[in-house]
A.B. asks: 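Please see the structure below; I have some questions.
In this text, all values refer to a predicted model and were calculated from it rather than measured experimentally. Heavy atoms only: backbone and side chains are in, while hydrogens, waters and symmetry mates are out. Quick note on labels: first sequence line is chain A, next is B, and so on, each numbered from 1.
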Protein chains: 2
Amino acid sequence: MTKPATRIQKKNRTAILAAALEVFSQFGFRGATLDQIADAAGLSKPNLLYYFPSKEEIHQQLLTSLLSAWLDPLRKMDDAGDPIEEILGYAKRKLDLSRDYPRESRLFANEVLQGVPHLGDTMPALKTLVDEKAKVINGWAKAGKIVAIDPHHLMFLIWAQTQHYADFDAQVRAVLGRDDPFPEAFAFMEHMLRRTLAP
Amino acid sequence: MTKPATRIQKKNRTAILAAALEVFSQFGFRGATLDQIADAAGLSKPNLLYYFPSKEEIHQQLLTSLLSAWLDPLRKMDDAGDPIEEILGYAKRKLDLSRDYPRESRLFANEVLQGVPHLGDTMPALKTLVDEKAKVINGWAKAGKIVAIDPHHLMFLIWAQTQHYADFDAQVRAVLGRDDPFPEAFAFMEHMLRRTLAP
DNA sequence: GTCTATATCCCGATAGAC
DNA sequence: GTCTATCGGGATATAGAC
């Protein structure tokens with residue numbers, strides 16, 4: 001599938017991917033149907049399959065095209081910055097993603113929950129990035145800027161805590177009542193991380 | 001569906017529920033098929049449907065029969081105990097569940113991730129339990145035993161952190177290499193919670 | 001490029017013999 | 001109680017007209 005030539009093709013492909021994100025993130029890969037996606041994109045089902053060869057291909061393109069943006073907050077964590085503020089900034093950017101892009105979060109959550117059946121071969125690259133940042137955190141700890149701490153589990157903590165608000169939104173809302181949890185969530189996370197990390 | 005009479009009936013129903021847990025937790029409700037469940041239970045598909053009237057019913061029975069055990073760790077958090085140790089004990093019991101019952105965790109994760117389509121009417125009961133325990137935590141804070149903290153977000157933190165190791169196991173393993181993460185996970189969580197909660 | 005119609009397959013559930 | 005055989009619905013994907 002090469003680059004779309006015309007403006008309308010580009011628009012349709014974009015609409016399909018947006019619709020697919022909506023449907024896949026809510027129902028998972030198997031739970032989603034092409035009828036739902038075509039409907040949400042404002043196209044007929046055969047027309048949808050004119051732009052993408054298969055359901056699998058739409059899903060794969062979604063995942064791979066979003067993955068890079070999803071890892072950006074971690075890439076931006078800067079070796080040269082203030083350690084506590086860098087980690088806090090990373091956590092905040094991650095929580096912003098949960099607030100602003102909950103469907104993307106749930107798309108990845110579905111994928112990981114089922115054992116990364118479509119993203120298995122990108123896991124080594126994730127490990128490479130995480131290991132690299134783990135070294136940065138270990139350096140900060142050795143310099144006495146933060147407490148000595150397992151950097152991988154710190155990463156899991158930040159992932160778990162931030163993504164929880166997007167992925168398990170239904171439960172969060174049910175427990176809190178109707179509220180937008182994000183302002184308090186950030187204050188809470190800042191308290192937790194500052195205390196956890198203080199040297 | 002009344003109590004099964006014979007020993008073999010009981011055994012088959014148990015085998016079916018065990019097989020269904022395996023399959024539903026891995027593939028979600030829609031992703032799971034009765035063929036897979038029947039196969040895992042060592043029965044034919046029609047025979048499976050002799051014991052349960054429908055796929056939906058198997059899933060529902062699984063969820064409701066496991067829900068109570070799933071909330072037990074929280075119920076056991078004791079108003080009269082030492083606050084920090086009670087919260088820590090709760091978190092430890094929850095992490096033990098993730099280690100010993102990861103399939104149950106993923107079963108609920110799938111359900112919540114898709115908006116609790118089958119557990120919607122049990123959410124009020126969950127909220128009641130959580131609100132009750134939130135009051136206990138608020139009491140501890142007022143007495144100066146722990147820091148003043150939002151008890152609901154503390155709950156989310158513990159849920160997110162502990163369930164992460166079961167629900168996103170594929171990612172955890174990919175990032176860490178091959179290791180069993182649980183010993184370090186508990187040490188990490190204890191460090192994090194003690195510092196977060198100290199008055 | 002987009003549609004209607006349809007082929008093909010898979011899944012949940014049922015019928016009926018044993 | 002358990003099986004083989006099958007129904008009926010729904011899903012992915014394709015054919016072919018326009």
A.B. asks: What contact category does A:Ala38 fall into here, base, sugar-phosphate, or nothing, at under 4.0 angstrom with non-hydrogen atoms?
C.D. replies: nothing

A.B. asks: Can you check the A:Leu48 CG to C:dC3 P distance for me, whole Å?
C.D. replies: 11 Å

A.B. asks: Quick test: give all pairs of protein nitrogen or oxygen and nucleotides 13-18 of chain D nitrogen or oxygen below 3.5 Å, distance rounded to 0.1 Å.
C.D. replies:
residue: D:dA13; atom: OP2; partner: A:Lys55; partner atom: N; Å: 2.9

A.B. asks: With sequence neighbours left out, what residues match B:His153 under ring pair (Phe, Tyr, Trp, His ring centres under 6.0 Å)?
C.D. replies: A:Tyr165, B:Phe156

A.B. asks: Does A:Tyr51 put a side-chain nitrogen or oxygen below 4.0 Å from OP1 or OP2 of C:dT2?
C.D. replies: yes

A.B. asks: Less than 4.0 angstrom between a side-chain N/O of B:Asn47 and OP1 or OP2 of D:dT4, yes or no?
C.D. replies: no

A.B. asks: Assess whether salt bridge (charged side-chain N to carboxylate O under 4.0 Å, His left out) is satisfied between A:Arg194 and A:Glu85, documenting all intermediate values.
C.D. replies: CA-CA 9 Å; A:Arg194 283 195 189 279; A:Glu85 298 309 318; 3.0 Å; yes

A.B. asks: Check the pair A:Asp169, A:His164 against side chain to side chain donor-acceptor pair (under 3.5 Å), reporting the backbone distance first and the verdict last.
C.D. replies: CA-CA 7 Å; A:Asp169 166 78; A:His164 187 87; over 6 Å; no

A.B. asks: So, does A:Ser44 get its side chain near the phosphate of C:dC3, meaning an N or O under 4.0 Å from OP1 or OP2?
C.D. replies: yes

A.B. asks: In whole angstrom, what separates B:Asp35's CG from D:dT6's C1'?
C.D. replies: 14 Å

A.B. asks: Between B:Lys92 and B:Phe186, is NZ or CZ placed under 6.0 angstrom from the six-membered ring centre and within 45° of the ring axis?
C.D. replies: yes

A.B. asks: Rounded to the Å, how far apart are A:Phe52 CZ and D:dT12 P?
C.D. replies: 15 Å

A.B. asks: Could you measure the distance from the CD1 atom of B:Ile137 to the CD1 atom of B:Ile87? Nearest 0.5 Å is fine.
C.D. replies: 5.0 Å

A.B. asks: Does A:Thr33 place a side-chain N or O at less than 4.0 Å from the phosphate oxygens OP1/OP2 of D:dA11?
C.D. replies: no

A.B. asks: Just the rounded figure in Å: distance from P of C:dA13 to CD of B:Glu57.
C.D. replies: 10 Å

A.B. asks: Test A:Arg75 against A:Asp72 for salt bridge (charged side-chain N to carboxylate O under 4.0 Å, His left out), laying out the working first.
C.D. replies: CA-CA 5 Å; A:Arg75 283 201 203 88; A:Asp72 245 27; 2.9 Å; yes

A.B. asks: Please tell me whether A:His152 and B:Glu184 have a donor and an acceptor in their side chains that are separated by less than 3.5 angstrom.
C.D. replies: no

A.B. asks: Nearest heavy atom decides the nucleotide; on that basis, is A:Leu43 or A:Arg30 closer to the 5' end of DNA chain C?
C.D. replies: A:Leu43

A.B. asks: D:dG10 P sits how many Å from A:Gln36 CD, rounded?
C.D. replies: 13 Å

A.B. asks: Provide, to the nearest angstrom, the distance between the CZ atom belonging to B:Arg13 and the P atom belonging to D:dT2.
C.D. replies: 13 Å

